[in-house]
2 protein chains.
Amino acid sequence: MDAVQDEAAGKRARGLDRAFEILDFLRQKRQALKPNEIAAQIGAPRSSVYELVNLLLQNGILEFTGGEGRVYLGRKLYFLGAAYENHFDFTRECEAALEQLADETRETAQFCMLDGNRYTVVRMREGARPFRISTDVGQSVPIPWTASGRLLVAHLSDQEILNFIPPQDFRLPNGEWLEPQTFIAEVRQAEREGLFTFNSIVDSFTHCFAVPVRGEEGHAAATLCLVTPRDDGIANRDRYLDCLKKAAAGLDHAPSRPKRT
Amino acid sequence: MDAVQDEAAGKRARGLDRAFEILDFLRQKRQALKPNEIAAQIGAPRSSVYELVNLLLQNGILEFTGGEGRVYLGRKLYFLGAAYENHFDFTRECEAALEQLADETRETAQFCMLDGNRYTVVRMREGARPFRISTDVGQSVPIPWTASGRLLVAHLSDQEILNFIPPQDFRLPNGEWLEPQTFIAEVRQAEREGLFTFNSIVDSFTHCFAVPVRGEEGHAAATLCLVTPRDDGIANRDRYLDCLKKAAAGLDHAPSRPKRT
DNA sequence: ATCACATGTACGATATATTGGACACAAATG
DNA sequence: CATTTGTGTCCAATATATCGTACATGTGAT
């Protein structure tokens, strides 16, 4: 519904929201930070951050690490994440699919999902020529920057897409502005064709292939992608797409199916 | 400090604490539940639980699954847990150690840690005779019930141990009462010897071996364990302990060492 | 039909969590 | 030496989150 909640000025933030904002921020930074630094960088009152950090420390959600009072994500989060992974048991099948893709194509293969209203690489298998991939596993990236993004929002209406994606995420990394209507047209095209491919707009030398992995609700719960050198990708387009579709078929309905019961 | 905080009557619970209580409860249950059921089973006001569940749903911390409005741990927790695992990169080395133990002993090997003030099996490798192990991976268990428990609290003073472990956890599964002083004596013995072994008090047919894996602070951050049939365990005691110590030495200082930086 | 129960929603009262600002201290900077 | 910056703690004010209660619904039992 309200994708952006922190727009009103002079309003107090809810502790829970702030807490998860802190956790997400630490995940993005991927390093331990002092409460003071966190407060400054997320633009939250220092006293609130100190209070919340202490609460989270007591719960094992955060841990002291790196010295100097720095904190990072805690063990409890690992346990909770492991329980999620155990329930929605996509990991094993996912790894097998990536393995298969890597074997057949020798290219870099990725398993991607939405993280809130952004895109993230959940698992990756490096290809035979491991060139520098621009997005690391676990980093969240604006949806419009990625081929997978076209598939992951395809179940939403045009208006829902516009509400869902933060407006500033249509600003591409090279500074250009991607017209939302252009993006939506690509989404609809991807939806019809059941795939999306393009020359990456994050770098200037890769071609990206994405196909949907469908969940219980029938829409794309995740995607499988290949990231290839541009020449290679264009030369092997049909074969690569076949490999992707085959691998995705093996995962379909898996990501949201409980392990048992 | 204050291990038990929900003792005072007529006091409001803090949303954050309640929220993580809900998450932990779902993890213990390992299944999706309706908000109503959660409220009833953790003894929290229904209106509060509905409010919190909705907040957590909006944040992706919880997800609808299983129909009928049931909720379970969400994808965001998986991402946060993965970030923790990536930072404190014990997984790879841990798996190798378990593999090695399983090869050398053919017995069930476990990697265990504290989860707050209880004990949990983080990873397990089934042995050649996979009999029914009483504790599953991810379930949390009273510290006094386990061999590892003796090692995991050994860095605390006697008084700290008593404050740390919930009093009711000294009630053993067979109904007997384990005198805290007896437990503490065993803790000190384990600390001196750098190991603890006993016939399991959870079941009646296994023998347990535990050795510490030391973290940066020098005390047991985790343990490696073997769970064996009693005869086997007693017959091979010395060899098994050697295997454990060797494997633990390979992990020492690893659990809390960042991958890089 | 009547009752009991499970489930979800709505709302007001009040206990309290969030917040800005003051304070203390150390370290860096001029 | 004076000043600025970074860090953490403490405190009171008030906006609001929590919680009891009431209400609405569906379902199954008696």
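Because only heavy atoms are used, hydrogens play no part in the values below, and waters and symmetry mates are left out as well, while side chains stay in. Below, chains carry the letters A, B, ... as their sequence lines are ordered, and counting in each starts from 1. What you see is a predicted model; the values in this text were computed from it and never measured.
Of the side-chain N and O atoms in S47(A), none sit less than 4.0 angstrom from OP1 or OP2 of dT19(C). Side-chain N/O atoms of R14(B) include one lying less than 4.0 angstrom from OP1 or OP2 on dA17(C).
One interatomic measurement links the two molecules: CG of L52(A) to P of dG8(D), which rounds to 15 Å at whole-angstrom precision. Atoms CG (L55(A)) and P (dA17(C)) sit 9 Å apart, rounded to a whole Å. Protein atom CG of L16(B) is 16 Å distant from nucleotide atom P of dT16(C), rounded to whole Å. Atom P of nucleotide dT27(D) and atom CG of N36(B) are separated by 16 Å, given to the nearest angstrom. In this entry the distance linking CD of E51(A) with P of dT7(D) reads 20 Å, nearest Å. R70(B) has its CZ atom 15 Å from the P atom of dA6(C), to the nearest Å. Between the CZ atom of R18(B) and the P atom of dT16(C) there is a distance of 13 Å, given to the nearest Å. Straight-line distance from the CG atom of D17(A) to the P atom of dT18(C): 11 Å, rounded to whole Å.
I143(B) is listed as a side-chain neighbour of F164(B), based on a closest heavy-atom distance under 4.5 Å. In this structure, the side chains of F183(A) and V153(A) come closer than 4.5 Å at one or more pairs of heavy atoms.
Closest to the R12(B) side chain, of the nucleotides dA13(C), dG20(D), dT19(C), is dA13(C). Between dC19(D), dT19(C), dG8(C), one nucleotide has an atom nearer to the side chain of K34(B) than all others, and that is dG8(C). Candidate nucleotides dA15(C), dT9(D), dT18(C) were compared by shortest atom distance to the side chain of S48(A), and dT18(C) ranks first.
Using a 4.0 Å heavy-atom distance criterion, A13(A) is classed as a sugar-phosphate-only contact.
Ion pairing between E37(A) and K29(A) fails under the 4.0 Å rule for side-chain N and carboxylate O.
The base of dG8(C) is paired with the side chain of R46(B) by a donor and an acceptor separated by under 3.5 Å.
Positionally, the nearest nucleotide of DNA chain D for Y50(A) lies more toward the 5' end than for the other of G15(A) and Y50(A). Comparing E37(A) and P45(B) along DNA chain D, the residue whose closest nucleotide (by nearest heavy atom) sits nearer the 5' end is E37(A).
Remark: R27(B) engages D24(B), D115(B) in a salt bridge (charged side-chain N to carboxylate O under 4.0 Å, His left out) (not counting sequence neighbours).
Of the candidates L26(A), L62(A), L77(A), L26(A) is the only one forming a side chain to side chain contact (heavy atoms under 4.5 Å, CB included) with Y72(A).
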